[in-house]
There are 2 protein chains.
Amino acid sequence: MGSPGRSGADVTTVTSPRVLAHPARDEIRLEDVLHALADPMRLRVVRELAAVDADLSCSDVELPVTKSTTTHHFRVLRENGVIRQTYRGTAKMNGLRRDDLDALFPGLLDRVLEAAQSQERRLAGR
Amino acid sequence: MGSPGRSGADVTTVTSPRVLAHPARDEIRLEDVLHALADPMRLRVVRELAAVDADLSCSDVELPVTKSTTTHHFRVLRENGVIRQTYRGTAKMNGLRRDDLDALFPGLLDRVLEAAQSQERRLAGR
DNA sequence: CCCGTACTACGATGACTATCGCACGAGCAC
DNA sequence: GTGCTCGTGCGATAGTCATCGTAGTACGGG
């Protein structure tokens, strides 16, 4: 088939976009954030990101699911405004959008993180 | 099939239980609470319950959905430990489980309520 | 005793979602 | 260049969920 070449005509849906779509700060909705945080896998990711307080690549966070599913969860977190994703070579770095979330919903993220940790302690038999 | 009669033998699944099943305090899970709160209709109910700081009957809370759907949402809120439901004659009273939620997840409910109000103000053109 | 009000239960349905496997594209190392 | 690793996209599938309509049950009042 010759060179695929991607002539750049179909700008609407680029096959592999080098820049990822994020909601602006004032596009972030509380229900969406709560929904994103309501999944155990995603809550786990968010907790880890908050713990290291730095960007992590998708493969740095170990989840008991396949790669495709991991990609899916990271996408949900990004599209709902919880994390920010940027390319860095072959890796994709993920960082918590603490500034935006704290500005929109003061204290919410911290209370959720505290609640998650407290619950984990409680369920661990102590 | 003759008179329904409900002879009391099948205690496992009573047709119309006068007492409703609620999760105990230590049965309440963070993910479930977040999931319950992530729905616009249910968040609306919770906000109203918090605002009046008293028990409301199911029909006191006006939602743009049918009765069946309203029942469904109240059930989800109860089964996830967000509200407490008690019968009172033909009416069913609903009250927020503030004590339990605050004990398990300190500050979480308040931050969510604040965030919801702040977002409403923001979306209403401010 | 009959009726109205309040709520529930039972499908049914359409939408969304979490999961997988597989094949592909993009960059890095040699 | 060739190959390796990382991540994406695309079905497919099974499960959950929000919604409805209809029919039913419980309680209180005339």
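Below, read A as the first sequence line, B as the second, and so on, with proteins coming before strands; counting in each chain starts at 1.
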Legend entry - Interatomic distance where NZ belongs to B/K67 and P belongs to C/dA9 [whole Å]: 15 Å
Inset, instruction - Using atom NE2 of B/H72 as one end and atom P of D/dT19 as the other, report the distance to the nearest whole Å. - result: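 One finds 7 Å between P of D/dT19 and NE2 of B/H72, rounded.
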Inset, instruction - Determine whether more than 12 heavy atoms belonging to other residues, nucleotides or ligands lie under 6.0 Å from atom CZ of B/R84. - result: yes
Inset, instruction - Identify the residue among B/L63, B/V76, B/T69 that makes a side chain to side chain contact (heavy atoms under 4.5 Å, CB included) with B/M41. - result: B/L63
Legend entry - Residue mapping more 5' on DNA chain C - nearest nucleotide basis, A/T66 or A/G89: A/T66
Inset, instruction - Map A/T90 and A/S68 onto DNA chain C by nearest heavy atom, then report which one ends up closer to the 5' terminus. - result: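 The residue whose closest nucleotide sits nearer the 5' end is A/S68.
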Inset, instruction - Enumerate the residues from residues 38-58 of chain B whose closest heavy atom to DNA chain C is under 4.0 Å, giving them by residue number; use none for an empty result. - result: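 By residue number: B/S57, B/C58.
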Inset, instruction - Considering just the side-chain nitrogens and oxygens of A/S59, establish if one lies under 4.0 Å of OP1 or OP2 belonging to D/dG7. - result: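 Looking at the OP1 and OP2 atoms of D/dG7, one of them is under 4.0 Å from a side-chain N or O of A/S59.
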Legend entry - Any A/R88 side-chain N or O less than 4.0 Å from OP1/OP2 of D/dC6: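 Checking D/dC6 against A/R88, no side-chain N or O comes under 4.0 Å of OP1 or OP2.
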Inset, instruction - Starting from the C-alpha separation in whole Å, work towards a yes-or-no answer on side chain to side chain contact (heavy atoms under 4.5 Å, CB included) for A/F105 and B/V112. - result: CA-CA 8 Å; A/F105 316 122; B/V112 172; over 6 Å; no
Inset, instruction - Drop me the distance from A/K67's NZ to A/T70's OG1, to the nearest 0.5 angstrom. - result: 8.0 Å
Inset, instruction - Using a strict cut-off of less than 4.0 Å between a Lys/Arg side-chain nitrogen and an Asp/Glu carboxylate oxygen, indicate whether A/D100 and A/R97 qualify as a salt bridge. - result: yes
Inset, instruction - Considering only NZ, NE, NH1 and NH2 on the basic side and carboxylate oxygens on the acidic side, decide whether B/D110 and B/R98 come within less than 4.0 Å. - result: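 Looking at B/R98 together with B/D110, the answer is yes, because their closest N to O distance falls below 4.0 Å.
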